[in-house]
Amino acid sequence: MTLAMGVPPLEPVRKWGSVPEELSARLPAEQRGPGLDRDAVRLLVSRGTAVSHHSFGELPRLLRAGDLLVVNTSPTLAAAVDGRIGHARVVVHFSTRGDDGRWAVELREPDGRGTTRARAGGPAGTEVRLPGGGRLVLEEAVSERLWWARVYGGEVPGLLREHGRPIRYSYTERDQPLSVYQTVFALPSPDGSGSAEMPSAARPFTARLVAELVSRGVQFAPVTLHTGVASAEAHEPPYPELFSVPEASARLINAARAGDGRVVAVGTTAVRAMESAAGTDGVVRAREGWTDLVVTPERGVRVVDGLLTGLHEPEASHLLMLEAVAGRAAIDRGYEEALRQLYLWHEFGDVHLLLPQEDSHAEHCSSNCQ
């Protein structure tokens, strides 16, 4: 698979201002006080421009029997590995495994605080010494920051298990074990593939909450999309990623759409997988492979009725997908409220549930599908 190169950054969608530094979630919810669990986060609910505030534990009462939650089962990898180029220290972020055994990687510089800063990529032929005696050689540019690279002297899954750690950004307080970055839906991949960064919208779910949802008649459909390293500085749109929508999940999605249920994606990754498997007729078919789909308001959505997602910075390309699902006015109104009510951002932060203002599939599709 050759990943698309030179995808231009998307223009910022929102002008509601930058997110104050103090609204970055620095610790997982369960570490903020005694007796807390992952679901101890806030839930902002948008139905059109109508906004309400809840705890995440109220989710079962906000959904209804027949609704379908589509969840990403991709496991999070310990994708950050220390290395050296000559005498210089670098951190390799392993992003995406290619069909030919190479990996798309991002090289970063340690910032002295346990996290990293951007580093110029390349050139081709650059060699990185890895722990355990292996070496990584850059071969071909994917973008300004990502390169196809090949590892010699060992297999990448073993390297990550032995020497890797989860990718961490500067707004977090400290390193965390890999278990903190796994969602309750994560399943191991036979070939060691996974997500370079956690599919974080699903992080607040606990086994207890899943059981309560099931007891109330809410169903779950698993899909897989292995997400690559996000662009922390440039906020460029996603490049091609591996996904899979199994036959059983396709049937569940189509059945929900044919009945009275709403199809609610848990995370933007689930939207990308579902929409990549949907035909122009709105029917989802079992499919797997690479997707280069970028969901925008112009393209619209064919399958998704609602979306549970984290809170994104105003420059993030993900906001285009949110606008495709709910409309610009709903997103602007929701984010104004999130800022006013001091919701927390990023992977350990609070979450946002976008539900349709009208329950009719036909009305929703007529305004959002092309």
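Worth saying up front: this structure is predicted, and the values here are computed from it rather than measured.
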Next item on the list: Before giving the answer on side chain to side chain contact (heavy atoms under 4.5 Å, CB included), spell out for F348 and M198 the whole-Å C-alpha distance, their side-chain angles and the decisive distance to 0.1 Å.
Entry: CA-CA 10 Å; F348 298 142; M198 172 177 54; 4.2 Å; yes
Could you pull out the closest heavy-atom pair between [X] and [Y], with the gap in Å?
| X | Y | result |
| --- | --- | --- |
| A40 | R32 | O-NH1, 4.3 Å |
| A79 | I167 | CB-CD1, 4.0 Å |
| L209 | G57 | CD1-O, 4.1 Å |
| R272 | M321 | N-CE, 4.3 Å |
| L36 | A29 | CD1-O, 3.5 Å |
| P75 | P188 | CG-CA, 4.3 Å |

Group every Ile, Leu, Val, Met, Phe, Trp and Tyr by side-chain heavy-atom contacts under 4.5 Å, then state whether [X] and [Y] land in the same group.
| X | Y | value |
| --- | --- | --- |
| L322 | L308 | no |
| L225 | L68 | yes |
| L319 | L339 | yes |
| V223 | V266 | no |
| L44 | Y335 | yes |

Next item on the list: Test side chain to side chain contact (heavy atoms under 4.5 Å, CB included) on E241 and T269 and set out the steps.
Entry: CA-CA 10 Å; E241 294 167 323; T269 58; 5.8 Å; no
Within the distance-only criterion (no hydrogens, no angle test), does the side chain of [X] pair as donor or acceptor with the backbone N or O of [Y] below 3.5 angstrom?
| X | Y | result |
| --- | --- | --- |
| S95 | G228 | no |
| D350 | V41 | no |
| T76 | Y181 | yes |
| W345 | H312 | yes |
| S249 | P222 | yes |

Any heavy-atom pair between the side chains of [Y] and [X] that's under 4.5 Å?
| X | Y | result |
| --- | --- | --- |
| V264 | D305 | no |
| R262 | R64 | yes |
| L107 | V92 | yes |
| E275 | L293 | yes |
| F94 | L160 | yes |
| V180 | R203 | yes |
| P131 | V81 | yes |
| L43 | V45 | yes |

Is it the case that more than 12 heavy atoms not belonging to [X] sit under 6.0 Å from its [atom1] atom?
| X | atom1 | result |
| --- | --- | --- |
| R89 | CZ | no |
| Q341 | CD | yes |
| E144 | CD | no |
| E337 | CD | yes |
| E21 | CD | no |

Just how far is it from atom [atom1] of [X] to atom [atom2] of [Y], taken to the nearest 0.5 Å?
| X | Y | atom1 | atom2 | answer |
| --- | --- | --- | --- | --- |
| R165 | D82 | CZ | CG | 4.0 Å |
| Q31 | E173 | CD | CD | 8.5 Å |
| E347 | Y171 | CD | OH | 3.5 Å |
| L252 | L69 | CG | CG | 11.5 Å |
| R285 | N254 | CZ | CG | 8.0 Å |
| Y152 | L130 | OH | CG | 12.5 Å |

Margin query: One pair to check against side chain to side chain contact (heavy atoms under 4.5 Å, CB included): L354 and I331. What are the steps and the verdict?
Written below: CA-CA 9 Å; L354 302 165; I331 303 308; 3.9 Å; yes
Next item on the list: Go through L62 and R47 one step at a time and tell me if the side chain to side chain contact (heavy atoms under 4.5 Å, CB included) criterion holds.
Entry: CA-CA 11 Å; L62 296 167; R47 294 181 177 88; 4.0 Å; yes
Are [X] and [Y] close enough that a side-chain donor and a side-chain acceptor fall under 3.5 Å?
| X | Y | answer |
| --- | --- | --- |
| T115 | S170 | no |
| T96 | Y239 | yes |
| Y343 | H53 | yes |
| N72 | S74 | no |
| W148 | D100 | no |

Checklist line | Check: H346 ring centroid to Y169 ring centroid under 6.0 Å | finding: no
Look at [X] together with [Y] and state whether they make a salt bridge at an N to O cut-off of under 4.0 Å.
| X | Y | result |
| --- | --- | --- |
| R208 | D39 | yes |
| D175 | R168 | yes |
| E139 | R150 | yes |

Notebook entry, point to check: Who are the ring-ring contact (aromatic ring centres under 6.0 Å, His included) partners of F205, not counting sequence neighbours?
Noted result: F56, F185
Item checked: Residues in side-chain contact (heavy atoms from CB on, under 4.5 Å) contact with T126, at least two apart in sequence or another chain -> I85, P123, L138
